[in-house]
Structure formats: structure tokens, C-alpha cells
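Some notes on the structure that comes next.
Every heavy atom of this structure was used, including side-chain atoms; hydrogens, water molecules and symmetry mates were not. In what follows, chains carry the letters A, B, and so on, assigned in the order in which the sequence lines appear, proteins first and then strands, with residues in each chain numbered from 1.
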Number of protein chains: 2
Amino acid sequence: MYRWNGKDYRCPIEVTMDILGGKWRSLIFWHLGQKKLRFGELQKIVPGISKKVLTEHLKNLEKGGFIEREVFPEVPPRVEYSITSKGKKLLEVLNVMEKWGRDFLEAEGEKI
Amino acid sequence: MYRWNGKDYRCPIEVTMDILGGKWRSLIFWHLGQKKLRFGELQKIVPGISKKVLTEHLKNLEKGGFIEREVFPEVPPRVEYSITSKGKKLLEVLNVMEKWGRDFLEAEGEKI
DNA sequence: CAGTATCCATGGCGATACTG
DNA sequence: CAGTATCGCCATGGATACTG
């Protein structure tokens, strides 16, 4: 039994889901795993997400040390997000999920 | 771009999260991956889940063909759930998530 | 451009009671 | 034992307007 971030975990699956779960987090993180992206680029690439929600998730991921936020002192402002070395470990999990999802959709989905 | 179960997917990660996401589904499925379990056993092993929610998730997983429901015509009734061969593929994803979560909690969690 | 600030909607989940 | 049936909450997310 472990405690992390103020919560108790009996099973390790739970913490993984708490970090990657929800409607958007895994998606945001996976795209950042492909390349460094600006805030606005992320909003375009993740279809339909609002600024508010995107901001929240980016903050969480940064707080967990999985991504890094780099601010360029320019006008207009530029902010780039990228994954950390700690994030790269987590990205391997996402890669497995992505591969399974691809095979699954290939087998059971309808191409449109 | 794929469609499955009436929903469109741009990124395969999304379908994986739709199947495994939420507070309980991955946990239920992972425990079934360890061994065949009865309804009541599942309720005991998954801490705090209600019958209603457990029933809902089991139905979803069964509908997706990931688990199997076997009813024994006895009194009192006995129902056993187990994963299918299709579910075993998905279980590999869960195993990766479990391993990452375990390493993560070992590194950053507090043992209690 | 990259966010905050508000307000509002919804569906996943919880609690409890009941049943074949 | 293995579920249904209700009822209700609340965290997550959506829409829109505003700002440094």
C-alpha cells in the first residue's frame, strides 16, 4: 500500500489511471511526446479542448514533473511545452496504449 | 480516422482510454486478468465499488468481448467472470500500466 | 498569444432499498 | 448470491468573456 499526492493506492493501476485518465490528459501528453508544442498548437491538435481545460491539465502534468514549460520573453508571448526524461518513461506506457488502440480500431473499427 | 461503437476516433489513444478509462474499469479488468472471479469476489477485491457500478462496467466489458460471463444454474446463483482471448491482448496493456505505476509509487510514493 | 475568470451542464459514481 | 431500481451529488468538462 502506497500513498502519493495525498491519496492511498492499493493497486498501482490506480495511480497510472489517475495520472493518465480523464478525457484529455493521455491525449495531450501523447502529442507532446511526439514533439515540443506551443499552447496554441496543442489546442489545435487536440480536437475540441477548451483553453481552461487544457491549462488545467498542463499544470497537472507539469506539477507531476512529466512535462516542462518554457516561456520566451517575447511579445506576443510564446510558451513551449515538452516532455521531461521522467515523462519519457510514462510515454512508453502511452505508446503501448496507442499501439493496442490502433490494432483494435484496425480490426473492429470502421475506416471513415 | 476510425469509427467504433458510434464514436469517431482521430487518435487510437482515445479508444483505449474509452475502454479502460474511468475510476474502475481498468481495475476490474486487471483483477479478472489475474484469475476468474465471482461477482461478490470482485466486489470485495475492488475496494468501495457499488453493485450498480460494478454491474455496469461488467456489462460494458462483456459487450466489448473482453470478458465472459458464465452463469451456473444453482441456488443460490453463481456467476463467474473471466477474460477472453481478446481480453488477454488488452491485459498486456494493463500489465504495462501496472508495472509503470509500481515503479512510480516505489520511487515517489510513501509506503504505508 | 497564452492564458484567467465565471458560470453552467452532465454523466459517472455513491447510497440505499428491493428482488428472483 | 447476484443483481435492479431510484435518487441525488459532485468533479470534470464546456461556453463565453476578459486580460497582460
Side-chain angles (χ1 to χ4, degrees), chain A residues 5-8 10-11 13-29 31-32 36-64 67-82, chain B residues 5-8 10-11 13-29 31-32 36-64 67-82:
Chain A
N5 208 21
K7 188 175 165 186
D8 297 349
R10 291 167 177 273
C11 175
I13 297 264
E14 292 177 274
V15 75
T16 312
M17 283 303 305
D18 278 356
I19 290 167
L20 291 180
K23 187 170 177 182
W24 300 115
R25 251 197 308 278
S26 61
L27 214 50
I28 295 167
F29 186 71
H31 282 296
L32 283 178
K36 181 181 290 196
L37 288 167
R38 300 177 60 170
F39 186 88
E41 291 176 318
L42 261 172
Q43 219 192 336
K44 274 181 204 109
I45 214 171
V46 178
I49 194 168
S50 71
K51 293 182 176 198
K52 178 199 154 202
V53 174
L54 179 55
T55 304
E56 285 169 3
H57 289 317
L58 287 171
K59 278 183 178 160
N60 278 339
L61 286 167
E62 192 194 1
K63 188 180 165 201
I67 65 172
E68 228 165 29
R69 182 174 182 270
E70 193 179 359
V71 183
F72 297 84
E74 309 169 357
V75 179
R78 179 159 60 107
V79 180
E80 289 187 350
Y81 293 90
S82 54
Chain B
N5 209 19
K7 188 175 164 185
D8 296 349
R10 291 168 177 273
C11 175
I13 296 266
E14 294 177 273
V15 75
T16 311
M17 282 303 304
D18 278 355
I19 290 167
L20 290 181
K23 188 170 178 183
W24 299 116
R25 252 196 310 275
S26 61
L27 213 51
I28 294 166
F29 187 71
H31 283 296
L32 283 179
K36 181 181 289 198
L37 288 166
R38 300 176 60 170
F39 186 89
E41 292 176 319
L42 261 172
Q43 219 191 335
K44 273 182 204 109
I45 215 171
V46 178
I49 195 170
S50 72
K51 293 182 177 200
K52 178 198 154 201
V53 174
L54 180 54
T55 304
E56 284 169 2
H57 290 318
L58 287 172
K59 276 183 179 162
N60 278 340
L61 287 167
E62 192 195 0
K63 187 180 166 200
I67 65 172
E68 228 166 29
R69 181 174 182 271
E70 192 179 1
V71 183
F72 296 85
E74 306 170 0
V75 180
R78 180 160 60 106
V79 180
E80 289 187 350
Y81 293 91
S82 54

Check DNA chain D against residues 46-56 of chain A and give the residues with a non-hydrogen atom under 4.0 Å, in numerical order. Lys52(A), Val53(A)
Reading DNA chain D 5' to 3', what string of ( ), [ ], | and . shows its pairs, if Watson-Crick and G-U wobble pairs count only when both distances fall under 3.5 Å? ||||||||||||||||||||
With Arg38(A) via side chain to side chain donor-acceptor pair (under 3.5 Å) - residues at least two apart: none
Within-4.5 Å side-chain heavy-atom neighbours: Leu42(A) and Leu54(A): yes
Interface limits on DNA chain D, where chain A has a heavy atom under 4.0 Å of a nucleotide atom: dG13(D) to dG20(D)
Classify Phe72(B) by what it touches in the nucleic acid, base, sugar-phosphate, or nothing, heavy-atom distance under 4.0 Å. nothing
For Gln43(B) against Ser50(B), the heavy-atom pair lying closest together: NE2-C, 4.2 Å
Is there side-chain contact between Leu20(B) and Arg25(B), with heavy atoms separated by less than 4.5 Å? no
Among Leu37(B), Leu58(B), Leu61(B), the one residue meeting side-chain contact (heavy atoms from CB on, under 4.5 Å) with Tyr81(B): Leu58(B)
Partner residues of Asp8(B) under the side chain to side chain donor-acceptor pair (under 3.5 Å) criterion, sequence neighbours left out: Arg3(B)
Which residues pass the side-chain contact (heavy atoms from CB on, under 4.5 Å) test with Arg10(B), not counting sequence neighbours? Pro47(A), Met1(B), Glu14(B)
Under the side chain to side chain donor-acceptor pair (under 3.5 Å) test, residues paired with Lys59(A) that sit two or more places apart: none
Nucleic acid contacts of residues 16-28 of chain B, taken as heavy-atom distances under 4.0 Å to DNA chain D: none
Applying salt bridge (Lys or Arg N to Asp or Glu O under 4.0 Å), can you list everything that pairs with Lys23(A), at least two apart in sequence or on another chain? none
For His31(B), check side chain to side chain donor-acceptor pair (under 3.5 Å) against everything at least two apart and list the hits. none
My understanding is that only residues two or more places apart in sequence, or in another chain, count here; which of them pass salt bridge (Lys or Arg N to Asp or Glu O under 4.0 Å) with Arg78(B)? Glu74(B), Glu80(B)
If the condition is side-chain contact (heavy atoms from CB on, under 4.5 Å), which residues does Val75(A) pass it with, not counting sequence neighbours? none
